[in-house]
Amino acid sequence: MPSSPLRILSVLLLIACASFASAEELERPKINSAVGPLQFKDIRYLTRSLADFQNRKAFVIVACNTTCPLVKRYLPQLKRLEQEYRPQGVQFIALHTGPYDSIREIAEYGIEHKIPFPSVQDIQSKSVTALGLERTPEVVVLDEQYRLRYRGRIDNQYRIGGALPRATQENLVEALNAVLKNEPVKVAETNVDGCSITSHAVREPDTSLTYYKDIQPLMQKHCVDCHRPGTEAPFALTTLDEVRNNGAMLAEVVADQRMPPWYGGTSHAEFANQRGMSRKERTLVADWVATGMTAGTEPADLKPSLAQPDSSKWIIGQPDLKISMLETHTLPADGYIPYRYTILPYVFPEDTWVSSIEIKPDNPEVVHHCNMAAVTLTKKWDESNFITGKVPGSGPTMLPEGLGILIPKGSALALQIHYTSTGKPEQCRISVGFKYVQGKVQKRYRFLIIKNNQFRIPPGAPHHQVSNSKTLKRDTHGIGLFAHMHLRGKDLSFLAHYPKGKDETLLVIPNYSFDWQIGYLWKDQRHFFPQGTRIEAIAHYDNSAFNPFNPDPSATVREGPQTYHEMMYAFFFYTYADERLNLTIDPHTGQATH
C-alpha cells in the first residue's frame with residue numbers, strides 16, 4: 001500500500017528534527033576545547049570575565065536560576081565543596097541563566113541561600129552557548145587555560161522526582177581532583193537532570209515607538225529628577241538630543257535595572273521612595289533605541305507637569321535659616337581626596353526644632369556624600385550626634401507634620417565631606433538650609449545606630465560576615481532604614497526579632513553600592529515595633545581581587561573613616577509610639593514657646 005503524503009511529510013519532519021538535534025550536538029564545544037575566558041555581569045552591573053580571577057588552577061561554573069528546585073537542593077553540597085577546594089586554587093561561580101532574573105534578584109538569591117562564591121548573570125546566553133550547557137544545575141570544570149575538562153552533573157544523588165540517600169558517583173569531585181593533578185578526567189561528560197535552560201528570546205522590536213509619544217513621558221517620570229542641569233548626574237535627559245546622545249547607554253542601564261537607581265531587594269514591605277521601571281517600560285526604551293530613536297511629532301505645548309525643576313532653588317522651599325561654609329574648598333583634578341571637615345559659622349542659641357534640612361553644594365558634581373552632626377566645645381564629631389546627610393540618590397530630610405528634629409542649645413554643625421575628582425581642578429562651597437517646625441511637635445525624630453567597629457576582614461575573603469544588633473527599650477514607630485559601608489561592602493540586611501518569637505526581614509540590600517547609598521522610608525512611616533524588639537544588621541564584605549573596587553585585596557581590613565578602611569553602620573530611624581510632647585514652636589525661631 002503506497003504511503004500517504006501525510007505519512008511521508010511526517011517522516012521527513014522526523015528526519016529534519018533528528019538532523020537538527022545532531023547539528024545542535026555537534027555545535028556543543030568538545031571536551032578539552034578552549035572555551036574561555038567568557039563574559040558575564042557581576043552583581044555590581046559590570047561586565048567581567050574569568051580573566052578577572054587571578055592565579056586560579058581550575059574553575060567550576062554552575063548553571064543556575066532562581067527557580068529550579070534541583071539547584072536549591074544542590075547548593076549545600078556546592079558550598080561545602082567550594083570551602084574545601086578554594087584553598088587549592090579552585091574558583092566556583094554561579095552562572096545565572098534565567099533571562100528574566102535581574103542582577104538584583106540574583107544577588108538577593110545569593111544572600112537568601114548564603115552562597116559565598118560569586119553569582120553572575122549570563123549575557124544574552126553567550127556563556128551558556130560557549131560552554132554547551134543545557135540544564136540547571138549542570139556544571140563544567142575548566143582548567144587554568146580555560147579548557148573544558150568536564151561537563152555534566154554534580155553527582156548522582158538528586159534526580160527529577162527522586163533522590164538517593166547519598167551519592168554513589170562523585171562526578172564533580174573526581175573531575176576536580178584529576179584537573180588539579182593535571183591528569184585526564186576519566187568520565188569527562190555525563191547526562192544531567194534538572195531544569196531546561198531558557199535562552200534569551202530573539203524578537204522583533206516595536207517599530208511604532210517615538211520619543212514624544214512613548215519615551216519622553218518615561219524620562220519625565222523616572223529620570224529627569226536627577227538627570228538635569230545643575231545636579232550630580234553626569235548628563236541631562238531633558239531633550240530629544242540629550243536622550244539620543246546617550247541612547248545605547250540608556251537602553252543598557254535600564255535593561256540591567258541599574259537605573260532608575262534602587263538597591264532594595266524584594267524580601268520586605270514596599271517603601272515610599274521605591275524606584276524602578278516596569279518590564280513593559282524597559283522594553284519600550286530598548287525597542288525605541290533598537291529601531292533608530294524616532295522623534296515623532298513634538299507637542300505644540302509642554303504640559304505644566306513636564307516643566308523642568310529649577311536646580312538653583314531649594315527643594316525644601318525657601319529656608320527659614322541658611323548657613324554657608326566660610327571657606328571655599330579647592331579640589332585637585334585627579335587622585336583620592338581625603339575627607340574634609342568644616343564647622344558651619346553658627347551656634348544655636350536655644351533648643352531648635354526643624355522639620356526639613358537640605359545640604360546644598362554649589363558644585364554638586366564633586367560631592368560624593370556629606371554628613372552633618374551637632375558639636376560643642378566638649379562634644380566633638382561623633383556618629384551619636386548625627387543629624388542628617390547627603391548621599392548619592394538621596395533627597396533632603398523632610399518630616400511629616402508633628403515630627404521634629406531637635407538641634408540642642410549651644411550646638412554648632414560640623415560637616416564631614418567626601419569629595420571626588422572630576423578630571424579638572426574644582427571648587428565647592430556648601431550651604432545648609434533649615435525649615436522650622438510649623439505648629440506643634442508631638443514626637444522627636446530619633447535614630448538608632450547599629451554598628452560594629454571590632455571586625456577584621458581577612459585578605460582575599462570573598463564573603464566575610466559582620467553583624468550586630470540593638471534592642472528597643474520602648475514601643476516604637478519605625479520611619480526608615482539606611483546602611484553605610486565602604487568599597488568592600490557587598491550586602492546588608494535588616495532583621496527584626498520580636499519579643500514573642502517572630503522574625504521579620506525588614507530590608508535586604510543585596511548588591512550594596514557605595515555610589516548609591518539610598519535611604520529606605522516606609523510608606524506609612526509608622527511601622528510598629530513593640531518594646532523588646534531586637535533590630536539586627538548583618539553585612540557581608542568582599543575583600544577578594546574579584547571586587548573591582550577593592551583598594552588592596554592583600555590587606556587585613558579594619559574599621560576606619562577613609563574609604564580604604566571599612567565601616568558597618570546600620571541606621572534605624574524611629575519615634576516613640578507613646579510620645580506626646582505637645583510643644584508649640586515659634587515659626588520664626590524654631591524654639592518652643594512652652
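Between Tyr211 and Trp288, the ring-plane angle classifies as tilted under the 30° and 60° cut-offs.
Here His486 and Phe549 keep their ring centres 6.0 angstrom or further from each other. You'll find the ring centres of Phe573 and Trp522 outside the 6.0 Å limit.
The side-chain heavy atoms of Ser431 and Trp314, taken from C-beta on, include a pair separated by under 4.5 Å.
Pairs of residues two or more places apart, or lying in two chains, that qualify as salt bridge (charged side-chain N to carboxylate O under 4.0 Å, His left out) and include a residue from residues 33-54 are Lys41-Glu252, Lys41-Asp256, Asp42-Arg48, Arg44-Asp542, Arg48-Asp52. Contacts classified as salt bridge (charged side-chain N to carboxylate O under 4.0 Å, His left out) and involving residues 96-119 (residues at least two apart or in different chains) are not found. The salt bridge (charged side-chain N to carboxylate O under 4.0 Å, His left out) contacts involving residues 196-220 comprise Arg203-Asp287, where partners must be two or more places apart or lie in separate chains.
Between the side chain of Asp491 and the backbone N or O of Ala107, no donor-acceptor pair lies under 3.5 Å. Between the Asn246 side chain and the Leu250 main chain, no donor and acceptor come within less than 3.5 Å of each other.
Here the closest heavy-atom approach between residue Asn191 and residue Arg153 is recorded as O-CD, 3.6 Å. Closest approach of Pro137 to Tyr74, counting heavy atoms only: CG-CD1, 4.0 Å. Considering every non-hydrogen atom in both Met372 and Ile359, the closest pair reads CB-CD1, 4.3 Å.
The side chain to side chain contact (heavy atoms under 4.5 Å, CB included) with Leu331 is formed by just one residue from the set Gln427, Lys424, Arg340; it is Arg340.
In the displayed structure, Tyr100 atom OH is contacted under 6.0 Å by at most 12 heavy atoms of other residues, nucleotides or ligands.
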